[in-house]
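First up is the structure itself, then whatever we jot down about it.
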Amino acid sequence: MKAVLCKQYGPPDTLTVEDVPSLEPAEGEVIVSVHSCAANFPDTLIIEGKYQFKRAFPFVPGGEVAGIIKSVGAGVEGFAPGDRVIGIPGWGGFAEETPVAASKVVRLPDGVSMDAGAALVITYGTTHYALKDRAHLQPGETLLVLGAAGGTGLSAIELGKVMGARVIAAASTDEKLEICRKHGADETINYSSENLRDRIRELTEGRGVDVVYDPVGGEYSEPALRGMAWNGRFLVIGFTTGEIPKLPLNLTLLKGCSLVGVFYGAFQDREPARFRELMDELTGWLADGRIAPRITARYPLEETARALIDLKERRATGKLIVYTERGRDGG
């Protein structure tokens, strides 16, 4: 089978595509024949050795896949060869086959494309967990989404609306904000041309926002924190700008607000039953058409490096999909 290999830490163009032996499942695992694998920002960190977890070389990056179960290991119940599934391997997805712990496999509803399934877990899963379990977002509350035109940001807009919130989307260009409006944003802020803090105050009549969803970090985190309402919740999702902000903690005291970390990978491991409950709800919304991942580009497996370069250089609005020969048609 073909696989994308990381043999040393470096930028995406150091990755190679090679033939490697087919896989056999270990106890508690399934082997998924991959159709689609989503590219995510953590993949760019993992291959450069900048992620909190590291793998021995060589390894295959790629954290979320959709495909068909090829084989099941000892002790696996509830899954069989031929099942359509979403898998969350964490590593190994940019390949024609990948091993996945059975606890991190979710059935893909009939009628949902492989591309949509692969695009669901890390972005929508992270956001769903963040808004529902970490922020306890309530109908009628106001949600501010930073970096709103990226895959993670668009998932926050969609899920915020499904959960009954008023959503303010913030992004760097008018073109990106138009995409946000098409995905349901009620209000928008161009933080390249508008003062973020002042615009938050204007749009909330001085009250502030109840929840901030911040996947970008950098210079916009502090003005967003200053725009919090009393009892607000600031969700720390990630740092796609590459800059971890140093926030003045006196603001949390003055506003009675909370800084809330969101580590979806650890949540999956520590609370597997709750993880599956949330995924069942999420895949149900996907099947019902209440959410629809925006896939903006598809790349054959041999062009995985190009997908990661486009992601790293922030050219993407929405999700990027890497596909194998089986997944050429996206279905």
Side-chain angles (χ1 to χ4, degrees), residues 4 6 9 26 28-30 32 34 36-56 59-67 85-95 98-108 117-135 147 150-156 159 213-217 233-242 244 259-283 286 293 307-308 311-312 319-322:
V4 175
C6 179
Y9 291 131
E29 284 185 346
V30 303
V32 176
V34 176
S36 304
C37 181
N40 292 285
F41 184 71
D43 296 321
T44 68
L45 300 178
I46 288 167
I47 64 173
E48 294 188 14
K50 298 178 181 178
Y51 199 62
Q52 52 260 51
F53 303 120
K54 294 178 171 59
R55 296 277 289 186
F59 66 86
V60 179
E64 60 180 336
V65 302
V85 295
I86 304 167
I88 311 127
W91 324 82
F94 295 132
T98 188
V100 188
S103 61
K104 295 187 177 182
V105 174
V106 178
R107 292 190 182 279
L108 183 62
L120 186 71
V121 180
I122 291 178
T123 49
Y124 284 80
T126 297
T127 301
H128 189 211
Y129 166 60
L131 297 181
K132 189 157 192 172
D133 281 20
R134 301 298 286 153
T152 305
L154 291 175
S155 75
L159 290 171
Y213 181 96
D214 183 6
V216 296
R233 290 84 74 199
F234 187 108
L235 295 168
V236 181
I237 307 296
F239 313 102
T240 58
T241 62
I244 299 175
L259 290 173
V260 185
V262 180
F263 190 178
Y264 189 55
F267 162 68
Q268 295 171 25
D269 294 331
R270 291 171 179 268
E271 301 181 49
R274 181 59 177 161
F275 161 70
R276 193 162 293 280
E277 286 177 8
L278 292 181
M279 281 306 305
D280 286 345
E281 182 173 55
L282 202 56
T283 54
L286 181 64
L308 295 179
L311 189 64
K312 183 177 180 180
K319 292 288 287 188
L320 307 182
I321 294 293
V322 172

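Numbers for residues simply follow the sequence, beginning at 1.
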Kindly indicate whether the side chain of [X], heavy atoms from C-beta on, has any atom under 4.5 Å from the side chain of [Y].
X    : Y    : answer
R107 : T283 : no
W91  : P61  : no
L308 : I47  : yes
I88  : F275 : yes
Y213 : L131 : yes
D269 : K104 : yes
P293 : L286 : yes
L235 : D214 : no

Point-to-point distance, once rounded to the nearest 0.5 Å, from [atom1] of [X] to [atom2] of [Y]:
X    : Y    : atom1 : atom2 : result
T123 : L154 : OG1   : CG    : 9.5 Å
R276 : L282 : CZ    : CG    : 13.0 Å
L45  : K54  : CG    : NZ    : 10.0 Å
I122 : E64  : CD1   : CD    : 4.0 Å
Y124 : Y264 : OH    : OH    : 13.5 Å
F59  : I46  : CZ    : CD1   : 7.0 Å

Show the nearest heavy-atom pair for residues [X] and [Y], with the distance to one decimal.
X    : Y    : value
L320 : A307 : CD1-O, 3.5 Å
V34  : G93  : CG1-O, 4.0 Å
A118 : A38  : O-CB, 3.3 Å
H128 : L278 : CE1-O, 3.3 Å
V216 : G147 : CG1-CA, 3.8 Å
P215 : T152 : CB-CG2, 4.2 Å

- Message: Among V105, L108, V30, which residue satisfies the side-chain contact (heavy atoms from CB on, under 4.5 Å) criterion with V85?
- Response: V105
- Task: Start with the C-alpha gap between L120 and M279, add the side-chain angles, then the distance that decides, and say whether side chain to side chain contact (heavy atoms under 4.5 Å, CB included) holds.
- Result: CA-CA 9 Å; L120 186 71; M279 281 306 305; 4.0 Å; yes
- Query: Would you call the rings of Y129 and F267 parallel, tilted or perpendicular, where under 30° means parallel and over 60° means perpendicular?
  - Reply: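 Rings of Y129 and F267: parallel, under 30°.
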- Query: Side chain of S36, backbone of A66: donor and acceptor closer than 3.5 Å?
  - Reply: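 No, S36 side chain to A66 backbone: no donor-acceptor pair under 3.5 Å.
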- Does L259 offer a backbone N or O that forms a donor-acceptor pair with the side chain of R233 under 3.5 Å? no
- Item | Sidechain N-carboxylate O distance under 4.0 Å for K132, E277 |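 Result for this pair is no, no salt bridge flagged.
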- Item | Worked check of side chain to side chain contact (heavy atoms under 4.5 Å, CB included) between F94 and D43 | CA-CA 10 Å; F94 295 132; D43 296 321; 3.8 Å; yes
- Criterion side chain to side chain contact (heavy atoms under 4.5 Å, CB included) on T126 and I237, from CA distance to verdict: CA-CA 8 Å; T126 297; I237 307 296; 4.2 Å; yes
- Task: Go through the steps to decide whether L311 and T44 satisfy the test side chain to side chain contact (heavy atoms under 4.5 Å, CB included), and finish with yes or no.
- Result: CA-CA 8 Å; L311 189 64; T44 68; 4.3 Å; yes
